[in-house]
Number of protein chains: 2
Amino acid sequence: MADAARQTMQSLTEGVYLSLRRDLLSCKIKPGEKLKINEIALRLGVNASGIREALSRLTSEGLVAMEVQRGFRAAPVSITDLRDLTKTRIQIETLCFETALAHGDVDWEAHIVSAFHKLSHLPEFERINGQDCVNDVWMKAHGNFHQALVSACDSAWLMKMRSSLYVQSERYRQLSVPFRLEAERAPYIKAQEDEHRILMEAALKRDLATITDILDAHFGRTAQFVEALASDIAFLSE
Amino acid sequence: MADAARQTMQSLTEGVYLSLRRDLLSCKIKPGEKLKINEIALRLGVNASGIREALSRLTSEGLVAMEVQRGFRAAPVSITDLRDLTKTRIQIETLCFETALAHGDVDWEAHIVSAFHKLSHLPEFERINGQDCVNDVWMKAHGNFHQALVSACDSAWLMKMRSSLYVQSERYRQLSVPFRLEAERAPYIKAQEDEHRILMEAALKRDLATITDILDAHFGRTAQFVEALASDIAFLSE
DNA sequence: TCAACCAATAAAATCGATTTTGTTGATCGA
DNA sequence: TCGATCAACAAAATCGATTTTATTGGTTGA
């Protein structure tokens, strides 16, 4: 890791930060899990101070929780939080759409069409040695598509808010992945894909009303899915 | 400092964080100013790793900017950013008000009335050895009043967004303080106080339309004030 | 039996020193 | 005169070790 970071990353701490962030978002590090500084330092082959620095940043981002003199743990998740998060996401994303629709030009439209095309040719899931995982490439493309839709929004602050909420919700999405059964999955995927197309078309037509409706359903889906699994997910409280 | 922190704070790093945050918000540390780790460590009498940790947190909060291998500096300010910030603040705060008005009960109303009363009996400015400063107590009371208005909002995420935007705008407000002349000040203060009263009354009457109008004017004031001073403030770019 | 105490351990917080990287300013040759 | 080169310096990044603080598990005495 130290070597990998020295080559690809600009600094070791940056590498630690990205590495932890990835594991947190994919729920490889489970919500509520203790994050022992020395253990991580040993595992990644870097000094403890870099770990502290990375964890502090992640704390500000809401992915890690800190208790003074008691260290760090992965930020907890809860149904209450997920509901609030989803509702807030819809509100903020709607604000982004309002300006994006007003400012969007033909480049923006092209950007959306392109991102949709890429997304629609990727499978959401893949099997890695028997385990069901979200396809990383799909995840990225999915993020890019939603980003493209609002990319004509000219408010850096609004986009920053949007981005931090998006990250949070990705974490919840990952949470539900191992519990999604093959059989139950198909209709969800179908609905999702349909919604992506409708979102694209509504954006091109500057149809905010339709967009708001679909956002409700689209963002709500993950929330409902996770809620339905609440009893199966050990660390998910009310 | 080390001793002060050991007594009042839970940890040295926490103390460093709060100390730097205060100086950043009051613009005692000027936007764009270099933040040398060793210098700060020496000045506050603590180790460099704690400084790095605090600065990393402040970076995530948008009060500090970091460049890899080039260290930290106070986050820059610009008129463009201020305009965006103000607009976004109004949007988010409006969302907060919507739920606050819907959920607010008599306790909430009492909270507002109380916060207003305290605020209205404090002077905004004070003179500290010949220098014009914003009165710290007023600042706190002002923050509390605005917080009280939306305190019945039940969305933790929305309130978190609101809070980080509020902090940012406080920084801009401080920026304009040394340039506010005694003579020009009175009408502004009067207008502000009137707006506070109108906000309170509109909140009690659940009158969202009036609130939105006043927010526009109230938040816009600082922005206009700073913009008018743009040429006088060295580090304020377009 | 059980709460209060204490020692041993584990972990967090902090430190001082070292290594790495960027910056500055002087020197050289064209 | 000007750009390139490089040494000396300053600052950031990293490290290994120490100090401080929580936690745990066992012992004592009521």
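First the proteins, then the strands, lettered A, B, ... as listed; each starts at 1. Treat the numbers as computed from the prediction; the structure is a model and nothing was measured.
By the 30° and 60° cut-offs, the orientation of the rings of B:Tyr188 relative to B:Phe225 is perpendicular.
Distance, A:Arg52 CZ to D:dT14 P: 16 Å, rounded to whole Å. Atom CG in B:Leu35 sits roughly 13 Å away from atom C1' in D:dA12 (whole-Å rounding). Atom CZ of B:Arg57 and atom C1' of C:dA13 are 14 Å apart (whole Å). Between the CG atom of B:Asn38 and the P atom of C:dT21 there is a distance of 17 Å, rounded to whole Å. Between the CZ atom of A:Arg73 and the P atom of C:dA11 there is a distance of 12 Å, rounded to whole Å. Nucleotide D:dA12 holds its P atom 13 Å from the CG atom of B:Leu42, rounded to whole Å. Summarising the geometry, the separation between CE on B:Met66 and C1' on D:dA11 is reported as 15 Å, rounded to the nearest angstrom. Atom C1' of nucleotide C:dT14 and atom CD of B:Gln10 are separated by 16 Å, given to the nearest angstrom.
At the heavy-atom level, B:Gly50 lies nowhere under 4.0 Å from the strands shown. A:Leu55 comes within 4.0 angstrom of no nucleic acid atom, judged by non-hydrogen atoms across all strands. Here B:Arg70 lies in heavy-atom contact (under 4.0 Å) with sugar-phosphate atoms only. Counting non-hydrogen atoms under 4.0 angstrom, B:Ile51 reaches nothing in the nucleic acid.
You'll find that the side chain of A:Leu12 is closest to D:dC15, out of D:dC15, C:dA12, C:dC15. When each of C:dC15, D:dT14, C:dA13 is scored by its nearest atom to the side-chain atoms of A:Gln69, the top-ranked nucleotide is C:dA13. Considering only side-chain atoms of B:Val46, the nucleotide from C:dC15, D:dA13, C:dT14 that sits closest is C:dC15. Distances from the side chain of A:Lys36 to the nucleotides D:dG16, D:dA13, C:dA12 place C:dA12 closest.
Comparing B:Glu39 and A:Asn47 by the nucleotide of DNA chain D whose heavy atom lies nearest to each, the residue mapping closer to the 5' end is B:Glu39.
No side-chain donor-acceptor contact under 3.5 Å links B:Ser60 to the backbone of A:Glu61. The backbone N or O of B:Lys30 sits less than 3.5 Å from a side-chain atom of B:Glu33, completing a donor-acceptor pair.
Put simply, A:Lys34 has no side-chain N or O that comes within less than 4.0 Å of OP1 or OP2 on D:dA22. Contact annotation: A:Thr13 side-chain N/O to D:dT14 OP1/OP2 distance is under 4.0 Å.
Ion pair B:Arg57/A:Glu53 not flagged as a salt bridge, since none of the NZ, NE, NH1 or NH2 atoms sits closer than 4.0 Å to an Asp/Glu carboxylate oxygen.
The number of heavy atoms from other shown groups lying within 6.0 Å of NZ (B:Lys34) is above 12.
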